[in-house]
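Below, chain A is the first sequence line, B the second, and so on; all start at residue 1. Computed from a predicted structure; not experimentally measured.
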Amino acid sequence: MNPTRTGMGSFLPLWLSLAGLIMLSGCADRVDHAPEADTVADIFPAYYDLTIPPNIAPLNFIIREPGTKFRVEISAGESETIVISQRSSTIRIPLDKWQEMLAGNQGNTLSVNIWSRNKKQWTGYPTITHHISADPIDPYLAYRIVHTVYLNWRRMGIYQRNLTSFEESPLIENRTTGQGCMNCHSFAGNDPSRMMIHFRIIQPGTLIWREDRLSKIDTRSSGTMSAGIYPAWHPDGKHIAFSTGKISPHLTTRLNKVVDVADRVSDLMVYDVEHNTVTTSPRISTEMRENMPAWSADGRYLYFIRAPEANTGDEESLLHARYSLMRISYDTEWDLWGEAEMVLNADSTGMSISHPSVSPNGKFLVCTMSDFGYFTIFHKGSDLYAMNLETNAFRKLSLNSEFAESHPSWSSNGRWLVFSSKRMDGVLSRPHIAYFDENGNAHAPFALPQKDPSMYDRLIANYNLPRLVTGKIELDPIEIRDAVYGEPLPATFE
Amino acid sequence: MGHKPPGILYRIVPGVYMLLVFSYLVIVVRPDFYFHHLQPSFLIAPDYLAHYLTYPGGFSELMASLFMQSFYIRLPGSIVFMCIALAIWWLTFELMNTIHRSRLNRLWALVPPALAILMANNYNLPFSVITSVLIVLLIAQLPAKKGNNPAIMPVLYSAGAAMVYYCCGSGYLLLFSVIALLLSMKFRIWESLLNAFYIAGFAFLVPLAAEAFIFPIPPEHRYFFLFPPRLYFMAYEPSWVFYAWLLSVPVLLIIASLMRKAIPVAAGAAVAGIFLLAVTVFGHVASYRKDARNIVASDYHCYHGHAARAARAATSVEAYSFAANLNHNLAIAKAGTLMENFFNFLQISGTDALYPDAEFSLEMSFIAADFYYDLGYISEARHWAHTSLVYYPYSPRALRLLVKVHLVTGEYRAAARCLHILNKGLINRKFVKEYTPCVQDTSLVSAHPEIMEKRSFIPAGKELSPLIDERFRELLEANENNRRAYEYLMLYYLLDSRLERFLEMYDRADRFFTAPVDIFEEAVLMYGELHDIPVEEKYAISHATRARFEQFNQTLRQYEGKGRMARNVLYWEMGRTYMYYLHFVFPRVMKPEIIYPAYEESPI
């Protein structure tokens, strides 16, 4: 006699009952007939009704609805639906299936259906839909992460992030260079092979990466008042416009503008990368304050902002000046400057203009506007505006939030805008991406997707100067460290 | 048999010694003070943990932060620290035994744990210094136990050295190499020499290659990375105790090898005992810094609301300390006895001791954040709490304050973020439980008296005045019921001898005080005397104050022309009066110029 078989046989009714119970509970666990909530699910980051690039990494999110189980179905066109059913509220979408879905459905709609199970009852939420654009975004994003909210700092680094996945790697961290400051990373166009970074305080100098060569330059010269500050690469990749000057930060008791960074005096200059020379013109080095250079797409004009001179002892003129948008023609070949001309007068807008950035096709200029000053990331009311350079009409973009938006820049195809926004918590800036259509309309922006989106809840640091680049920056931190520890080559003034 | 020492010596003595060391740890070192001063963070979050694994030495720092979480509470912290010390003792003992097995090793091996605990008298000590040596000792067991073959030794050394380099950093690779070198001396001479060459070559070349090709560390960390650099106010300045700690194990291994020769047991035990005693006593003398400890204690007690203990610690500091002065003032302010006890501390900094950012000093960031929060000057509380976080990343103290600050300012999402981070830590459950409902249902904030009171104190938005009296006035303009602002403003006028301004505000005292304030009455009498005005007709002055004032003047007259003697005599009787301050302290106050950081220092 086989005792096992006998045992199984005698327990058969029990097995059948258990199987029936499991099947019944399975029915109870189904979401098909779950009642639907009136509002869409609360998810973080707020990924609702977006236009997304066909090559973006999965928009992982956290469901902030009560529940012990969650189900998410993502579908687009004929692609196989991505189904995620789990106890965790953090939704991590499989990278390969997501990429396949986006690549195969450009121009289509992507739907995200969410259910949560709370108190043994499933609840469905209205479908969230996104539009999958046919316009890809540049695959890399470079930014600085600085662990500070006010002016004092200790830890920072410049990083590059692959936007098609979650791979992030440091270009350089200041732990490597004796805790000095590094800032203003900038690229010629969106070219990862032509880049510059300033290093300050410890091992100071400007690092220029061009033609597979790293060089460290001292841009201070006898003819300019300081080393180069805010940079703008000329489209030819051979010249960089810099602001020079002196600034002073002031704390305030305003909770919507905790710091004012006053531009005490500033001018512009142009650095010739090939000849290691700097030049300027009396037309951009006036008694007034010229700052924030940006080249036109064809390189014929240098856009910049200008405010009246700060009068000594007059705090109002120092702190609360408004900047107008100007431009000046410049022939890099013959070093010929035209006349500075007004593009957008702060008196007519009633607002101060900063961070101009011209679209690659030359049609639009995006900038920030706030009630005064130029350092707008500390201004809660700072918003992005777009100006049509053909008609000079400007308007506030619909992508703005109640918090600060700043540091806008373009993708190489001009279809994507990336900028810093403090909309997540009002304190820390995070990179956001928005589609910019041919009519000059910006679509709803979305936060840079993260493998674990809750990292935004943990990182007490700001993302500065997000810049899109067309490929990976082929530099590693060791190469940069070795260059930073080298002696800078002084630029000469012409 | 005659050489066998009595077992009691080698069992009881280490036990008693360790018990004494534990008592020393609990009473003198105070791991809770150590935690409070360093604010180590530890989050159970992959991105936080991963950060520590990207550079040599990061793992040890992470372990140090983990162990230090227990230091938050005195007794568990002491037990964990003691366990680490016991582990060091045992591992050292085991290493010595591999050289020469002797009962004396039990005594000698007590030296490293004693030094580890003594080092913690300096609260700037990076605890990774201790965890790194612990890791080195642990890994050194491998060549010690298994490296009996001269051909195997280089393999074991290489594996161990690579682990030590990655976990602890280059400096500890050198320590490990020295230990391995001593352990390999047991082979024949040429085998030992070959091993020594190999070890020396490895210790020289591997850090060089790692720095050049693998880890982007600064060049100065290539060989001698012993602990991470910190800013000047947290910088650890090693004393001889630190170097003795680093060298103790190699030296003990040499001693173990010397013990191979027949040494009389009693003499060996006596030498070990005397050496241990000497290390303990001199180590204590070299490492114990009473004033520094009292300054930390005053901050600790002030933060935890133990006003009397904070004041006692602050007044125990022998050399004048600005931080102790501020902690004293803040502690009594929080206890509501600012006016009664203000001159218990000799306020030789005058008005500067009224606010922590009189000079731009980063080490005051925590005190400044607490001070401005207590005062209700919320924008500056926010500023300094965030500044604290820059220098003490993920500090529980800063994060907790920021939760409250953001609730006051209505930045609920930022408060929720801080709570989320605190929740990832190990020591914040109670706080998180208390404040999480406020971010889940923000209407609850209106029922939170502390938050609502601070919200009602927020001054009008404008540029931050560099003058503290202006800031106090702004607070009173925003809310005339801000008692703390009134108290500080009045103290400012008193300390600056601006008695006319003081008298202009004197009438408002009734709003905040039910009984006469002694120092206010003394100030009124001083004003009358200085301007020859009969103030007693206009202001009701208590009999006790008048008597005190009269006595003060009488003593002054008694010592006319002998100012120094008068000062000394009056200090004991009248040192806590406003008359004493104005006569003997006030004119010598030096006002520092407020210096703002140069623009180059800002990451903008």
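Only the side chain of B:Glu220 has a heavy atom closer than 4.5 Å to any heavy atom of chain A. Neither the backbone nor the side chain of B:Ala416 comes within contact range of chain A, judged by heavy atoms closer than 4.5 Å. Of the atoms belonging to A:Phe403, it is side-chain heavy atoms, and not backbone ones, that fall under 4.5 Å from chain B. Heavy atoms closer than 4.5 Å to chain B are found nowhere in A:Arg64, neither backbone nor side chain. Only the side chain of A:Leu319 comes within less than 4.5 Å of a heavy atom in chain B; its backbone stays farther off. Only the backbone of B:Ala460 comes within less than 4.5 Å of a heavy atom in chain A; its side chain stays farther off. Only the side chain of A:Asp260 comes within contact range of chain B, with at least one heavy atom under 4.5 Å from a heavy atom of that chain. If you measure heavy-atom distances from B:Phe213 to chain A, the contacts under 4.5 Å come from the backbone alone. Both the backbone and the side chain of A:Arg175 come within contact range of chain B, judged by heavy atoms closer than 4.5 Å. With a threshold of 4.5 angstrom between heavy atoms, B:Tyr412 does not approach chain A through any atom at all. At a 4.5 Å heavy-atom cutoff, B:His221 makes no contact with chain A through either its backbone or its side chain.
Taking both residues in full, the closest heavy atoms of B:Glu211 and A:Ile478 are given as O-CD1, 4.2 Å, listed atom of the first, atom of the second, then distance. Smallest separation of non-hydrogen atoms from B:His406 and A:Val427: CE1-CG2, 3.8 Å. Across all their heavy atoms, A:Glu402 and B:Arg413 have their closest contact at OE2-NH2, 3.7 Å. The nearest pair of heavy atoms linking B:Tyr377 to A:Thr253 is OH-CG2, 3.1 Å. The nearest pair of heavy atoms linking A:Asn152 to B:Tyr391 is CB-OH, 3.1 Å.
Note on B:Thr409, B:Thr387, B:Ile421, B:Ile458: by heavy-atom pairs under 4.5 Å with chain A, the leading option is B:Ile421. Highest contact tally toward chain A, considering only B:Leu419, B:Leu362, B:Asp47, is held by B:Asp47 [criterion: heavy-atom pairs under 4.5 Å]. Among B:Ile378, B:Leu43, B:Leu231, the residue making the largest number of heavy-atom pairs under 4.5 Å with chain A is B:Leu231. Across B:Gly461, B:Pro216, B:Ser379, the residue that shares the most heavy-atom pairs under 4.5 angstrom with chain A is B:Pro216. Between chain B and the options A:Val259, A:Thr177, A:Leu428, heavy-atom pairs under 4.5 Å are most frequent for A:Leu428. Contact tally against chain A (heavy-atom pairs below 4.5 Å) for B:Pro46, B:Pro459, B:Gly410, B:Ala212: the top residue is B:Ala212.
Contact annotation: the side chain of A:Ile460 approaches that of B:Leu399 to within less than 4.5 Å [non-hydrogen atoms, C-beta and beyond]. With contacts defined as side-chain heavy-atom distances shorter than 4.5 Å, the pair A:Val258/B:His386 does not qualify. A:Arg458 places a side-chain heavy atom less than 4.5 Å from the side chain of B:His420. B:Tyr55 has its side chain out of reach of A:Thr176: every pair of non-hydrogen atoms, C-beta onward, lies at least 4.5 Å apart.
Atom-to-atom distance recorded for A:Leu251:CG and B:Ser465:OG is 12.0 Å, nearest 0.5 angstrom. Considering OH of B:Tyr394 and CG of A:Leu459, their distance stands at 5.0 Å, rounded to 0.5 Å.
Panel note: side chain A:Arg481, backbone B:Ile217; a donor-acceptor pair is recorded below 3.5 Å. Side-chain atoms of A:Tyr456 do not come within 3.5 Å of backbone N or O of B:Arg417 as any donor-acceptor pair.
Other residues, nucleotides and ligands contribute more than 12 heavy atoms inside 6.0 Å of the CZ atom of A:Arg430. Other residues, nucleotides and ligands contribute at most 12 non-hydrogen atoms within 6.0 Å of the CZ atom of B:Phe59.
Ionic pairing of B:Glu411 and A:Lys380 is not present here: no N-O contact between side-chain nitrogen and carboxylate oxygen is shorter than 4.0 angstrom.
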